[in-house]
Q: 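Can you keep this structure in mind? I'll have questions shortly.
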Amino acid sequence: MPADEVEVTEGAEEGIFLHNSRGPRVILDGDGKVAGLRTVECTAVFDSTGRFNPASMKRASKIFPAIR
């Protein structure tokens with residue numbers, strides 16, 4: 001995730017844990033509420049021309065459960 005070093009440092013001080021190289025794929029729901037987020041591994045953010053065009057490994061998914 002592109003971020004300034006100060007943002008990363010301040011986030012860590014606030015207890016935020018970054019999951020690098022992950023992209024959102026599906027918001028999971030349960031009983032009408034967010035239950036989690038299915039992500040995929042991001043292999044590139046820009047294409048060969050420098051345009052924003054995220055590429056991912058669709059089989060490399062991971063679910064992050066929502067904190068309730």
Side-chain angles (χ1 to χ4, degrees):
M1 171 175 72
D4 290 332
E5 187 62 35
V6 69
E7 293 173 324
V8 174
T9 301
E10 289 175 354
E13 290 170 356
E14 294 176 13
I16 295 172
F17 182 79
L18 299 179
H19 298 274
N20 295 318
S21 301
R22 307 295 315 168
R25 181 58 60 198
V26 176
I27 296 174
L28 306 171
D29 71 339
D31 297 325
K33 297 180 181 179
V34 174
L37 180 68
R38 181 183 307 273
T39 66
V40 292
E41 183 177 349
C42 218
T43 56
V45 179
F46 300 102
D47 64 16
S48 61
T49 65
R51 299 176 89 182
F52 181 73
N53 187 14
S56 61
M57 296 179 58
K58 299 202 181 349
R59 291 187 176 189
S61 68
K62 180 176 182 178
I63 295 175
F64 294 94
I67 298 172
R68 296 184 182 222

Q: Mind checking what makes side-chain contact (heavy atoms from CB on, under 4.5 Å) contact with A44, not counting sequence neighbours?
A: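 If we apply the side-chain contact (heavy atoms from CB on, under 4.5 Å) test to A44, skipping adjacent residues, the hits are A55.
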
Q: Could you check V26, I63, I27 and say which one makes a side chain to side chain contact (heavy atoms under 4.5 Å, CB included) with L37?
A: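 Answer to the side chain to side chain contact (heavy atoms under 4.5 Å, CB included) test with L37 among V26, I63, I27: I27.
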
Q: If you define the side chain from C-beta out and look only at heavy atoms, does anything of R25 sit under 4.5 Å from S56?
A: yes

Q: Rounded to the nearest 0.5 Å, how far apart are CZ of R51 and CG of N53?
A: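 It comes to 8.5 Å.
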
Q: Would you find more than 12 non-hydrogen atoms of other residues, nucleotides or ligands less than 6.0 Å from L28 atom CG?
A: yes

Q: Can you list the residues that meet the ring pair (Phe, Tyr, Trp, His ring centres under 6.0 Å) rule with F52, with sequence neighbours excluded?
A: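 Result, ring pair (Phe, Tyr, Trp, His ring centres under 6.0 Å) vs F52: none returned.
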
Q: Should F64 and H19 be marked as a side chain to side chain contact (heavy atoms under 4.5 Å, CB included) after you check the CA-CA gap, both sets of side-chain angles, and the distance that decides it?
A: CA-CA 10 Å; F64 294 94; H19 298 274; 3.2 Å; yes

Q: Ignoring hydrogens and angles, tell me if any N or O in the side chain of T39 forms a donor-acceptor pair with the backbone of R22 under 3.5 Å.
A: no

Q: So which atom in G30 and which in A35 form the shortest heavy-atom distance, rounded to 0.1 Å?
A: N-CB, 3.9 Å

Q: Given 3.5 Å as the limit, does a donor-acceptor pair link the side chain of E7 with the main chain of D4, or not?
A: yes

Q: Are any side-chain N or O atoms of D47 and backbone N or O atoms of G50, one a donor and one an acceptor, separated by less than 3.5 Å?
A: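 Side chain of D47 to backbone of G50: a pair is present.
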
